Amino acid sequence: TTEIYTLSLHDALPISMILDTKLLLEHGADGIAFGFLKENQTLDTERTKELIHLIREHGGEAVFHRAFDCVADQKKTIEQLIGLGVDRILTSGGAPDVWSGREQLKQLQKEYGSEIEILAGSGVDENNVTELMTYTGVHQVHSSCRVWKKDITTSNEYVDFSYAGIQEKNQYEAVAASKRAISAFASSIFTRLTTLFSLEISLIFPIAIPPNAIFPVMFCICSSSPDS
């Protein structure tokens, strides 16, 4: 007999993510940044637990990404993530950027920093990293060090290949050399600090890596699921 299984997108996406995670870890990834939420803005604990187990089997680190900033109750969620064994959380403190969310970041670090790493990310740059880390007490920051470069060849009267909206028309993303100073600023605050950057991989535009920077190979996957 032939058995036929029908797989919905809701079921297929997490399975694909599990397979991708296994493949990445087997090929040397140091960890996985991921996020599973239900439609009611709560943590999908079962899928989170499953992925953490897989990551642990390969000796990797489990990082819950900024899906955390979309949950209804950050305090409840961070306690769940600690209980499940997540190593760190990438967060802006539930705000559009880290500076707007600095009060929440400070509170999260104060209450939970001894149990889980708080990785501050979204809008971190060379102008605010020192004050941000000093004020919040976080030990790690995430930055793409992004800058927009002009390229007027990407559009004409009839065709437009700009991909980031009218404000960035005829521009593309690149890593700014001036923003590499983030590492030096952060290291000056904590003598034993390792500043964690997320390496933003571009298939189109090459990026320059700061000399002597430490980049754990971390890959990001995400999913949301209907409440069940």
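The shown structure was predicted, so the numbers you read here are calculated from the model rather than taken from an experiment. Every heavy atom of this structure was used, including side-chain atoms; hydrogens, water molecules and symmetry mates were not. Note that the numbering runs from 1 along the sequence shown for the chain.
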Original post:
Under the 3.5 angstrom rule, does the side chain of Thr136 hit a backbone N or O of Leu105 as a donor-acceptor pair?
Top reply: no
Subject >> side chain to side chain contact (heavy atoms under 4.5 Å, CB included) assessment of Trp99 paired with Val124 >> reply: CA-CA 8 Å; Trp99 194 246; Val124 177; over 6 Å; no
Original post:
Under the 3.5 angstrom rule, does the side chain of Asp44 hit a backbone N or O of Gly35 as a donor-acceptor pair?
Top reply: no
Subject >> 4.5 Å side-chain heavy-atom contact, Ile32 and Val63 >> reply: no
Subject >> Note, Thr77 side chain near Gln80 side chain (heavy atom, < 4.5 Å) >> reply: yes
Original post:
Out of curiosity, His58 NE2 to Lys22 NZ, how far, rounded to the nearest 0.5 Å?
Top reply: 5.5 Å
Original post:
Quick one: are Leu119 and Val138 in side-chain contact, heavy atoms under 4.5 Å?
Top reply: no
Subject >> Flag side-chain contact, heavy atom, 4.5 Å: Leu54 against Glu57 >> reply: yes
Subject >> Expected output: side-chain Ser122 to main-chain Pro96 donor-acceptor under 3.5 Å >> reply: yes
Original post:
Does His27 use its side chain to pair, donor to acceptor, with the backbone of Leu23 at less than 3.5 Å?
Top reply: yes
Original post:
Roughly how far, to the nearest 0.5 Å, is CG of Leu84 from OG1 of Thr45?
Top reply: 6.5 Å
Original post:
Got Thr21 and Leu25 here, is their nearest side-chain heavy-atom distance under 4.5 Å?
Top reply: yes
Original post:
So do the side chains of Cys70 and Leu37 get within less than 4.5 Å of each other, counting heavy atoms only?
Top reply: yes
Original post:
Would you call the rings of Phe36 and Phe34 parallel, tilted or perpendicular, where under 30° means parallel and over 60° means perpendicular?
Top reply: tilted
Subject >> Smallest separation among heavy atoms of Lys75 and Glu111, with atom names >> reply: CE-OE1, 4.0 Å
**OP:** Taking the side chain as every heavy atom from C-beta outward, state whether Ile89 and Leu81 have any atom pair closer than 4.5 Å.
**Re:** yes
**OP:** Starting at CD of Glu61, measure out to CD of Glu117 and round the result to the nearest 0.5 Å.
**Re:** 9.0 Å
Subject >> Residue pair Ile52 / Ala62: nearest heavy atoms and the distance that separates them >> reply: CG1-CB, 4.2 Å
Original post:
Taking all atoms of both residues into account, what is the closest heavy-atom pair of His142 and Leu90, and its distance?
Top reply: CB-CD1, 3.7 Å
Subject >> Expected output: side-chain Asn128 to main-chain Glu131 donor-acceptor under 3.5 Å >> reply: no
Original post:
Are the side chain of Asp69 and the backbone of Ser92 linked by a donor-acceptor contact shorter than 3.5 Å?
Top reply: yes
**OP:** Report yes if some heavy atom in the side chain of Tyr112 is under 4.5 Å from a heavy atom in the side chain of Ile82; otherwise report no.
**Re:** yes
Original post:
How long is the gap from CG on Asp87 to CD1 on Ile116, to the nearest 0.5 Å?
Top reply: 7.5 Å
Original post:
Do side-chain atoms of Arg56 reach the backbone of Gly60 as a donor and acceptor pair under 3.5 angstrom?
Top reply: yes
Subject >> Rounded distance [0.5 Å steps], CG in Leu43 versus CD in Glu79 >> reply: 12.5 Å
**OP:** Quick one: pull up CD1 in Ile118 and OG1 in Thr91 and give me the separation to the nearest 0.5 Å.
**Re:** 7.5 Å
**OP:** For the residue pair Glu103 and Gln107, confirm or rule out a side-chain donor-acceptor distance under 3.5 Å.
**Re:** no
